[in-house]
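Data first, discussion second: the structure below is written as structure tokens.
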Amino acid sequence: MEVVVLILKAIMFFIIAVMLIYAMRHYLFTFNRLMGDQKLYYQDIIDNDLPRVTVLVPMHNEEAVARDVLTVLMKSDYPLDKLEIIPINDHSDDKTAEIINEVAGLYPENIHPLHRNKGLRGKPAALNDAMAEATGQVILVFDADYLPGKGLVRDLAVCFKDPEVGAVMGRVIPINSPKNMLTRLLDMERAGGYQVDQQARYNLGLVPQYGGTVGGFRRIVAQQLGGFDPSVLTEDTELTFKLFVRGWKVVYANSMECYEESPEEWDVRARQIKRWATGHTQTMLRFFSPMMHSKQLTWKEKVDGALLLWIYLIPILIVIGVFDGLALFFLGRMTLVEGLAFFIFVVAYNSFGNFAPFYEIGAGSLLDGSQDRMKLLPFFLFNFAFNTWVISLGSARGIFSRITGRCVQWQKTVRYRTKDARVTEVDEKDTPTNPPKKPESPVPETKS
Amino acid sequence: MDASMGSVLNIPAAGQKDKIYYGRAYRKLPRISRLHAFIMLLFVLVIEVLIFVFRRYLTYISAYGAWYVARVIEAGPGLAQVNFMYTRIFAVDNMAVYPTAEFAFINLFISIVVLALLPKVQRIGAPIAYWLFYAFIVHLVSSAFFVFVPQYFPYSILEITALYMEVELVTWMLIPPIVLGSVFLYPVSMLGKAALILATLGYSFVFGTVRLAVFLFVLHYGSVIFMAVLFFVFGSLVDFIYIVGFYSVYITGVAHSLAGRRDVWKWLS
């Protein structure tokens, strides 16, 4: 019995130690973002030798939004002779294909549809097929419900003038944040995640994550690395670490904002974070060892990379901790340290937000300019059980799929914008006038 | 600038903005001065010392207050003292009420039914449903314990209230550094930060006392079968609601005060 109690206490202390490490990590990020030197993105580079860009827009049953995204992309100020757009109709059974063809008919030089009705469904497989057709040196990806500003394509593409950059990620802003409580909470969560977490990691030379939309990567490099694995549900995390372990930079562009629709219903949100948890865990199992053995990375990059890879296992640790605590409680061995410390650190770290402590979310919202919305912070506690359970299921599914080799099916996130909502204008950024045409100079695609 | 700006349907066209917002991508705040940092740390240290010095009296007030509020409970000797932190702190003693086998079985049955039906109930919001799920998982374990091995229940009322008071005491000692840590970096009034710490601490004291009274009431009239739920669902986890609640009101005030103040914001370095 004493051995059992010892093991239970050891597990509890291990969980507390892990929580403490993550709490300190996020406090460091908060401090750095609030007070530290901020690392600029490449947006001030004015270069008329821009790379050829292919914008991929995966679509599965996106009739409500398909026309809008293609229309605003054609309003981009990127040189049209260097811009290719490939809307990927991925096994749609609504009017997506017709809408794509209709818009492509208006811009045949630039929009080259790809219709996929056979083969694997899902974003990774769709991106792989599209990359095979793409002619751009740089691939940018936007989800179908996004509305990129006029200068966003150029602003994202320009960072690839740096030969060390492998991928870029912009800032995602929920457009439907006033809709209900869930969207308001997600808006704050995004503020913590992007404004503080991503930017701090960029400042500190750690691992900003390529997020799969409002971002891009080098096409040849991605193809040489084997493209996207269709069995991994988060192709963005997979690419991030594929690049990271080989020494490519992933840059974060905090000023490159683009609007998205965040989930408006809890079951939609559950499916979304479950998919993230599954894919992230799959990536963790695949890349943890290569990352730790990589000769391209510094020790601090490896440490933070490991913390990033393991992050979706935190809810599983919390579930284990709860049952561990219950066991100690009913064995009469729950002492002050386990009882209090576990909950203090679990709560401080995880309860308020999805892996972002409350002070990080508060800092992000403050920097964003939010004011009264921050009074909703206590409501994040109600996310605690929801996030813990759903993410635990997702992470467990990721581990299970890796062990058994079973594929998990891709599920698309629900769209809320109706067909009747028309886009009249998009937020325009000040951009220089289009540079004069110059012969395209070759850009090295493979990092030596 | 609120992050909800720009709906699809009414984003203004270029050149028609009536206000140019500060770029938020790289703005940051100036560091607080060393004097500011020193004074705040000293303030927290003084609070910690005071809590430690008066810990015995604080637990007396809290335990007595809880006992007084719950004085409908007539059984039991009332206050008792236990060793903790090199002194004797106060806790509440009472006759432990154990569930009958039938009561334990009914609770077990209800827990199973609720856990089975919760996923099917659409009208409850998902976050609340998951919280209920968590609470009933804990209660299921407790009910099963009292159905199968009730003779091994390890706690008396004194032991659990003693653990409660120990947790409360340490919570009071942790609140000042946690609250200060969450607002330490902001270049705003020290008085405001001190007021936040004291307000959170004061609320914690009152809340902890009232909560203990409620716990005593539930344990007496409901039996110790509910002890696990009280501890794991309504214990320290709930403390963070008001800690973050006070923080959220405070940070909202900070946001209002910093909005539009060009003299405060810095960019890049």
Side-chain angles (χ1 to χ4, degrees), chain A residues 27 30-31 33-38 40 147 173 175 177-178 187 191 254-255 259 266-267 270 322 325-326 329-332 334 336 339-340 343-344 347-348 351-352 358-359 362 366-378 381-383 385-386 389 417 421 423-428, chain B residues 1-4 6-9 11-14 21-31 125-128 130-131 133-134 138 141 145 153-155 163 166-167 170-171 174 178 181-182 185 228 231-232 235-237 240-241 244-245 247-249 251-252 254-256 258-259 267-269:
Chain A
Y27 198 82
T30 306
F31 173 79
R33 180 60 191 91
L34 280 175
M35 314 251 144
D37 290 345
Q38 303 303 303
L40 265 188
L147 299 169
I173 310 263
I175 197 173
S177 54
D187 178 44
N254 199 27
S255 54
Y259 293 109
W266 286 96
D267 59 340
V322 168
L326 277 170
F329 181 83
F330 284 103
L331 288 172
M334 171 69 89
L336 169 68
L340 178 65
F343 282 109
I344 288 286
V347 173
S351 298
F352 292 88
F358 67 94
Y359 45 84
L366 180 99
L367 289 166
D368 268 358
S370 293
Q371 294 174 13
D372 293 320
R373 183 161 294 172
M374 287 188 276
K375 289 178 190 161
L376 297 178
L377 271 170
L381 182 65
F382 295 102
N383 275 10
F386 174 83
W389 183 247
R417 197 185 329 149
V423 174
T424 53
E425 291 286 350
V426 292
D427 214 11
E428 294 181 279
Chain B
M1 176 168 66
D2 190 275
S4 64
S7 80
V8 169
L9 299 178
I11 298 173
Y21 296 103
Y22 292 131
R24 58 188 181 182
Y26 302 108
R27 66 176 182 171
K28 60 180 200 171
L29 293 168
R31 296 192 185 190
I128 297 173
Y130 280 96
W131 258 108
F133 195 84
Y134 166 61
V138 173
V141 172
F145 185 93
F153 188 69
Y155 300 105
L163 182 60
E166 290 167 9
V167 169
V170 176
T171 300
L174 283 176
I178 286 175
S182 64
L185 303 171
F231 189 82
F232 281 88
S236 296
L237 213 56
F240 257 81
I241 294 181
V244 176
Y247 167 84
S248 68
V249 172
I251 201 70
T252 301
V254 170
H256 277 288
L258 293 179
W267 271 264
L268 302 181
S269 62

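These figures come from a predicted structure and were not determined experimentally. All chains are named by letter (A, B, ...) in the order of the sequence lines, taking the proteins before the strands, and each is independently numbered beginning at 1. FYI, side chains are in, hydrogens and waters are out, and symmetry mates aren't considered; it's all heavy atoms of this structure.
A heavy-atom distance below 4.5 Å is found between the side chains of B:F240 and A:F358. Side-chain contact between A:Y27 and B:L185: present, with at least one pair of heavy atoms (C-beta onward) separated by less than 4.5 Å. Between A:M35 and B:K28, the closest side-chain pair of non-hydrogen atoms is not below 4.5 Å.
Taking CZ from B:R31 and CG from A:L34, the interatomic distance works out to 11.0 Å, rounded to the nearest 0.5 Å. Atoms CG and CG, from A:L367 and B:L258 in turn, are 10.0 Å apart once rounded to the nearest 0.5 Å. Considering OH of B:Y130 and CH2 of A:W389, their distance stands at 8.5 Å, rounded to 0.5 Å. In this structure, CG on A:D368 lies 4.5 Å from CZ on B:R24, to the nearest 0.5 angstrom. One distance of note links CD1 of B:I128 with CZ of A:F386; it measures 12.5 Å at 0.5 Å rounding.
Summarising the geometry of A:K375 relative to B:T252, their closest heavy-atom pair is CG-OG1, 3.5 Å, with the distance given to 0.1 Å. When all heavy atoms of B:F232 and A:L326 are compared, the pair lying nearest together is CZ-N, 3.6 Å. Taking all atoms of both residues into account, the shortest heavy-atom contact from A:M374 to B:A255 is CE-CB, 3.4 Å. Considering every non-hydrogen atom in both B:I251 and A:L366, the closest pair reads O-CD1, 4.2 Å.
In this structure, B:Y247 contributes its side chain and A:P378 its backbone to no donor-acceptor pair below 3.5 Å.
Ring geometry, B:Y155 versus A:F329: the interplanar angle falls from 30° to 60°, so the pair is classed tilted.
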